[in-house]
Every structure is written in C-alpha cells, then in structure tokens.
There are 2 protein chains.
Amino acid sequence: MAEDGTSKSLGTPAGTVCDDDCSAFQWDAREDCEVRQILDRIADKWSLLVIALLDDRTMRFTELKRMIDGVSQRMLTVTLRQLERDGMVRRTVYPVVPPRVDYELTPMGRSLHATVQSLVVWTEAHQDEIAVSRERYDRSTGVEVVPSELVG
Amino acid sequence: MAEDGTSKSLGTPAGTVCDDDCSAFQWDAREDCEVRQILDRIADKWSLLVIALLDDRTMRFTELKRMIDGVSQRMLTVTLRQLERDGMVRRTVYPVVPPRVDYELTPMGRSLHATVQSLVVWTEAHQDEIAVSRERYDRSTGVEVVPSELVG
DNA sequence: CCGTATCCTTTCGGATACTG
DNA sequence: CAGTATCCGAAAGGATACGG
C-alpha cells in the first residue's frame, strides 16, 4: 500500500479528538473526528458489502472475491486490511499450502453492521419519496434525460 | 455543474431497483441500489455537516459558508443542490437585492439526520476500542510512525 | 449576496503483472 | 490461494475569476 499513506499520525495524542462541540459543529469537518473516519469507511465502495457478507458467516479471501463480483483483488485486500485495522474483521492465516486465510466479523463489526441497518431501513422507507423529489427537481431545472424526439 | 453528469438514468425504470436479494447481496454494489446513493450522499465531505446545521435552524447561504469554515462556495453550492434534489433541503429565494436565499431541512431531511445520529452515537461509543485496535495493528505490522532515533 | 465556469490537484479504485 | 507492486484513468474537491 504505497499510495495509502499509512504512516499518518497515529496513537491519538489524547487531546485532538472532538469534544462536545462535536455534536452540532465541526464533528464532520476533518479527520480530527472519529465519526468522519467511520463514515468514510462504511461509505467506501466495498466495506459495507464485505461486512454484510461476513455477518452471515466466516469466509475465505477467494470466496469473498467471487461473491462480490465487481471487486479487484487489490481493493478487496485494501478493504479487508482497513477493516482489520479498525477491529471490525478478524483475519486468520492457516500455515498450509496452498495458503488459507479466513475472515470473520468481530463483535464490534457485527455491532457496526447492526447499526448501519437502521440506515438501510430508512433508505428503503424513503426511496420512493426521494425518487419523486428528484424527478420533480430535474423537470423543474430542465435536465435533458431523454432525447427530444421522444417529446416532439 | 458541468462535471456532475446530472443527465444520468432517471425516472427509475421500475425494475432495476434491488429486490429482496438486496439485504445480504449486492445491495451495495452499484448505483442500482438506493442505499448506495444515500450512503454516498451522507458520506461526502459536507452534506452531513450541512444537515446537522440546518437541523438547528433555517440558514442563508453565507451563514452556512461562514459556519462550515473549510468549504468552498463551489462545494457548498453543489452539496446544497444535491440535498435539494433529493428532497432533504428546501431552498427559498427572495427576489430582493441583494439576493437572499434561505435553506431549511425538510421533514425527510430531519428524519435522515435523526437516523444518522445512531451512527454517531455508535462511533462515540466505540472510538476507544477502534483506537486501541489500530494501535495494536500498526505495531504488529511495523508501521514507522516515529523516527527510529526515538527507539534506538 | 449568491451563485457559475474553469482549471488544477488529490484521491479512489480498476487493470495488470508478478510472488510465496 | 492469497496476496503485493506498479501504472493509469476517473472522480471528488479546492482555488480562482467572473456574472446577475
């Protein structure tokens, strides 16, 4: 992970975390605050899907790769490493040939997945309203989505 | 918004949305599914902060810009337009000079904010555990965070 | 005051090739 | 099988300048 810049400020200097002004103010602004980091993690392209799959059962690398389908092994590796680093995923290497590596969710990982479900539920409950809103907005602002011969 | 590619597939062809295989499978994979779109929205750099501020009270553009501090007016505009399109934010233009534009959260916007709060609460509850996990991971994988003269 | 347009840097993620 | 390394294109987002 040469691009990743893993050698960032670590160890949490025990003072840079956000206080109570977190709640309504800049709790989202920078990487100062933990909320942003978790948000970035669950919102990146593959993390949540990995978590969802592992919440069902322990899986091997290639299993995950097969099931996720669009993912490159690079991104799957990166994603799993981040989740492991954050303590959401446990990685177990069996010293056999060919190598076998199991991934499973930690209790914290399961807890995160459960929490995120509320958002999924919310989205499912509101997706129609959102779709309507978008259609109305796009019509009112005159976005061309269909070639004009369909209306002419 | 020339970069935005707003002329995407809209109108939901009433079949491309994810079904029940959504829950554990590819509900996260592509933009097919609404969950990913909402996730992208709340996880982008500024949306959630805007929502949090507007949940307190109606604000004008410049007010928001002043309070958010790091945001460029380009990104604030883009963010507000997206939120308006999705039906989270209501935009009111007063035809006066100089112009005055008010932004306020819709009921759906408030509802979204409330839902996201559970994630915030979760993060606050687990940030210590996450920090510990990261420290342990970084030590075990031997990431150089301090120049070696400190240990030598 | 409230934007839009243009340019530019940074970051994310895919493709591919190679290793233990 | 389970990665790692390198390269590259696409997209997000910041800086700046200009317009109604």
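Letters A, B, ... mirror the listed sequences (proteins, then strands); counts begin at 1.
- Side-chain heavy atoms closer than 4.5 Å link hydrophobic residues (I, L, V, M, F, W, Y) into clusters, and following such links, possibly through other members, connects B:V93 to B:L76.
- At least one side-chain heavy atom of B:T79 sits less than 4.5 Å from a side-chain heavy atom of B:S47.
- Minimum atom distance to the side chain of B:R60 is reached by C:dC1, of the listed D:dC1, C:dC1, C:dG13.
- Atom CG in B:L64 sits about 10 Å away from atom P in C:dG3, given to the nearest Å.
- Remark: B:L53 CG to B:T58 OG1 distance equals 12.5 Å, nearest 0.5 Å.
- Residue B:D69 contributes atom CG, which lies 12 Å from atom P of D:dG14 at whole-angstrom precision.
- Remark: side-chain polar atoms of B:T77 are paired, donor with acceptor, to backbone N or O of B:Q73 under 3.5 angstrom.
- For D:dG3, one of the phosphate oxygens OP1 or OP2 lies less than 4.0 angstrom from a side-chain nitrogen or oxygen of A:Y103.
- In the helix from C:dC1-D:dG20 to C:dG20-D:dC1, the rotation axis of the first five pairs and that of the last five pairs differ in direction by 40°, rounded to 10 degrees.
- D:dA12 atom P lies 14 Å from atom CG of A:D40, rounded to whole Å.
- At whole-Å resolution of the value, CZ in A:R36 and P in C:dT11 are 15 Å apart.
- With rounding to the nearest 0.5 angstrom, the CD1 atom of A:I130 is 7.5 Å from the CG atom of B:L112.
- An OP1 or OP2 oxygen of D:dC1 is reached within less than 4.0 angstrom by no side-chain nitrogen or oxygen of A:R66.
- Put simply, CZ on B:F61 is 11 Å from P on C:dC1, counting in whole angstrom units.
- The structure places CZ of A:R41 at 4.0 Å from CD of A:Q82, a figure rounded to the nearest 0.5 Å.
- What separates CG of B:L76 from P of D:dT16 is a distance of 18 Å, to the nearest Å.
- A pairwise comparison of heavy atoms in A:W46 and A:G70 identifies CH2-C, 3.8 Å as the closest pair.
- With distances taken from any side-chain atom of A:M75 to the nucleotides C:dC2, C:dG13, D:dG14, the minimum falls on C:dG13.
- A sub-4.0 Å separation between OP1 or OP2 of C:dG3 and a side-chain N or O of B:K65 is absent.
- Using a 4.5 Å heavy-atom cutoff, the side chains of B:V121 and A:T115 are not in contact.
- The distance from atom CZ of B:R100 to atom P of D:dG20 is 24 Å, rounded to the nearest whole Å.
- Taking side-chain N and O atoms only, B:R81 has a distance below 4.0 Å to OP1 or OP2 of C:dG3.
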For this session: For nucleotides 15-20 of chain C, just jot down a letter per nucleotide in 5' to 3' order: B, S or -, based on protein non-hydrogen atoms under 4.0 Å.
Result: B-B--B
Pairs of donor and acceptor atoms involving the side chains of residues 98-109 of chain B, under 3.5 Å and at least two apart or interchain, shall be tabulated with distances.
unit_1, atom_1, unit_2, atom_2, d
B:R100, NE, B:D102, OD1, 3.3
B:Y103, OH, B:R81, NH1, 3.3
B:Y103, OH, B:R91, NE, 3.2
B:E104, OE2, B:R90, NH1, 3.4
B:T106, OG1, B:G87, O, 2.6
B:T106, OG1, B:M88, O, 3.1
B:T106, OG1, B:M108, N, 3.4
B:T106, OG1, B:G109, N, 3.0

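- Following rounding to the nearest Å, A:K45 (NZ) and D:dA10 (P) show an atom-to-atom distance of 13 Å.
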